[in-house]
Undergrad: 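I have a structure I would like to understand better, so I am pasting it below and will then ask my questions one at a time.
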Amino acid sequence: MLDPKVLMTIKDLPLLAKTVIDGFMIGFNKSTVKGPGLEFSQYRSYQPGDDLRWLDWRMFARSDRYYIRESEIETSISVRFLVDASASMNHDDNGVKKIDYARFLAASLAYLANLQGDSVALNVFKDGELFSTPSKPDPQHLQRLFYHLQQVDPAGKFTKPVHYKELFAGTGRKELLVFITDMYQADGEINTLLNSLSALKHEIIVFHLMGQNELDFEFKGFSTLEDLETGETIQVNTQRAKDGYKEKLQEHLSAIKSNLTGKRIAYKMVSTAQPLDEALREFLVQRKKGVR
């Protein structure tokens, strides 16, 4: 299991992504990930005696590992990563910030997509603005994407809808959109974004990041809680508030999931304490089964 705190010690993002995906694919053994847009098809590690005609040389060139192709899926698509870099993504749980986990998750999935021959692109929503890179399939572009992910430093509020037009000015080609966010919004701006993207018939996956301390509300005595985007603070008796908080949190999470799945948007809530390979495995198994 790849503990996020262990991943924090790997300062080289490309190496981290390769480490995560290599370990993840070995863990899957005969049901590895392969196919367009982070889909499953049947690939397995090469075994002595296998017919060399079924070796996937493209996979070997990209990963330096031998895989036997057991199905024929060659179509590539564009996978666009949308990363929330508003100030609330600086939330820290036991030394791991949400933005760190978002960076690891985006880098690992981008590495996997590029391994499959898919184009990858990046959009970062930060401090009211939108940073964008184009969609390309080449390894050099992947390295640029890693670089920009490494530079992300959360600040300000989530980008307002007036800037979303950059996302709608493409070629009209459908894309797989992977949105990594904490779903913190002041005026429904994230819902506005997802509604607009959904109307364009893109396939959308939302990874909703939560700190384990947010889920458990494990704070002792009186605590001062701060809104990272507005700076507002509130004094809370955490022991008294805990039960009511958990009940309201479950209602909140259920409402988010119901709203998104009702729009045919895939939803996965992930704790930043969860091992990254475990989170990816759960998600991709869920995706294979068509469960949202």
Undergrad: Can you find a heavy atom in the side chain of Asp84 that is under 4.5 Å from one in the side chain of Ile190?
TA: yes
Undergrad: How long is the gap from CD on Glu251 to NZ on Lys246, to the nearest 0.5 Å?
TA: 14.5 Å
Undergrad: Would you list the pairs meeting salt bridge (charged side-chain N to carboxylate O under 4.0 Å, His left out) in which at least one residue belongs to residues 86-99, sequence neighbours left out?
TA: Lys98-Asp182, Lys98-Glu214
Undergrad: Please report the interatomic distance CZ(Phe283) to NZ(Lys268), rounded to the nearest 0.5 Å.
TA: 9.5 Å
Undergrad: Report the residues that fulfil side-chain contact (heavy atoms from CB on, under 4.5 Å) with Ser254, sequence neighbours left out, ordered by chain and then residue number.
TA: none
Undergrad: Apply side-chain hydrogen bond (donor to acceptor under 3.5 Å, both in side chains) to the pair His141 and Asn114, showing each step before the final yes or no.
TA: CA-CA 10 Å; His141 180 67; Asn114 184 260; over 6 Å; no
Undergrad: With sequence neighbours left out, what residues match Ser135 under side chain to side chain donor-acceptor pair (under 3.5 Å)?
TA: Ser78
Undergrad: Would you compute the distance between atom CZ of Arg103 and atom CZ of Phe81 and round it to the nearest 0.5 angstrom?
TA: 15.0 Å
Undergrad: Could you give the distance from CG (Leu194) to CE (Met183), rounded to the nearest 0.5 Å?
TA: 6.0 Å
Undergrad: Is the closest side-chain heavy-atom distance between Lys136 and Val120 below 4.5 Å?
TA: no
Undergrad: Is the shortest side-chain heavy-atom distance between Pro275 and Asp3 below 4.5 Å?
TA: no
Undergrad: Tabulate below the donor-acceptor pairs under 3.5 Å that side-chain atoms of residues 147-162 make, not counting sequence neighbours, or state none.
TA:
from	atom 1	to	atom 2	distance (Å)
Thr159	OG1	Lys126	N	3.4
Thr159	OG1	Glu129	O	2.4

Undergrad: Going by atom types alone, do Gln212 and Gln274 pair a side-chain donor with an acceptor below 3.5 Å?
TA: no
Undergrad: Are Leu228 and Met210 connected, step by step, through hydrophobic side chains (Ile, Leu, Val, Met, Phe, Trp, Tyr) whose heavy atoms are closer than 4.5 Å?
TA: no
Undergrad: Applying the 4.5 Å side-chain criterion to the ILVMFWY set and letting contacts propagate, would Tyr184 and Leu249 be lumped into a single cluster?
TA: no
Undergrad: So how far is it from Arg144 CZ to Asp138 CG, rounded to the nearest 0.5 Å?
TA: 6.0 Å
Undergrad: Would you indicate whether the side-chain heavy atoms of Val83 and Phe207 approach each other to under 4.5 Å?
TA: no
Undergrad: Looking only at non-hydrogen atoms, find the nearest pair between Ala121 and Thr133 and report the distance.
TA: CB-O, 3.6 Å
Undergrad: To the nearest 0.5 Å, what is the distance between CG (Leu197) and CD1 (Ile204)?
TA: 5.0 Å
Undergrad: For Thr19, which residues count as a side chain to side chain donor-acceptor pair (under 3.5 Å) partner, sequence neighbours excluded?
TA: none
Undergrad: Answer whether the closest heavy-atom distance between the side chains of Leu7 and Val20 falls below 4.5 Å.
TA: yes
Undergrad: Among residues at least two apart in sequence or on other chains, which ones pass side-chain contact (heavy atoms from CB on, under 4.5 Å) with Asn259?
TA: Asn191, Lys263
Undergrad: State yes or no: are the ring centers of Phe146 and Tyr111 separated by less than 6.0 Å?
TA: no
Undergrad: Any side-chain donor paired with an acceptor under 3.5 Å for Glu226 and Thr233?
TA: no
Undergrad: Looking only at heavy atoms, which two atoms of Val270 and Ala279 are closest? And how far apart?
TA: CG1-CB, 4.0 Å
Undergrad: Please tell me if the side chains of Ile234 and Asp227 come closer than 4.5 Å, counting only heavy atoms from C-beta onward.
TA: no
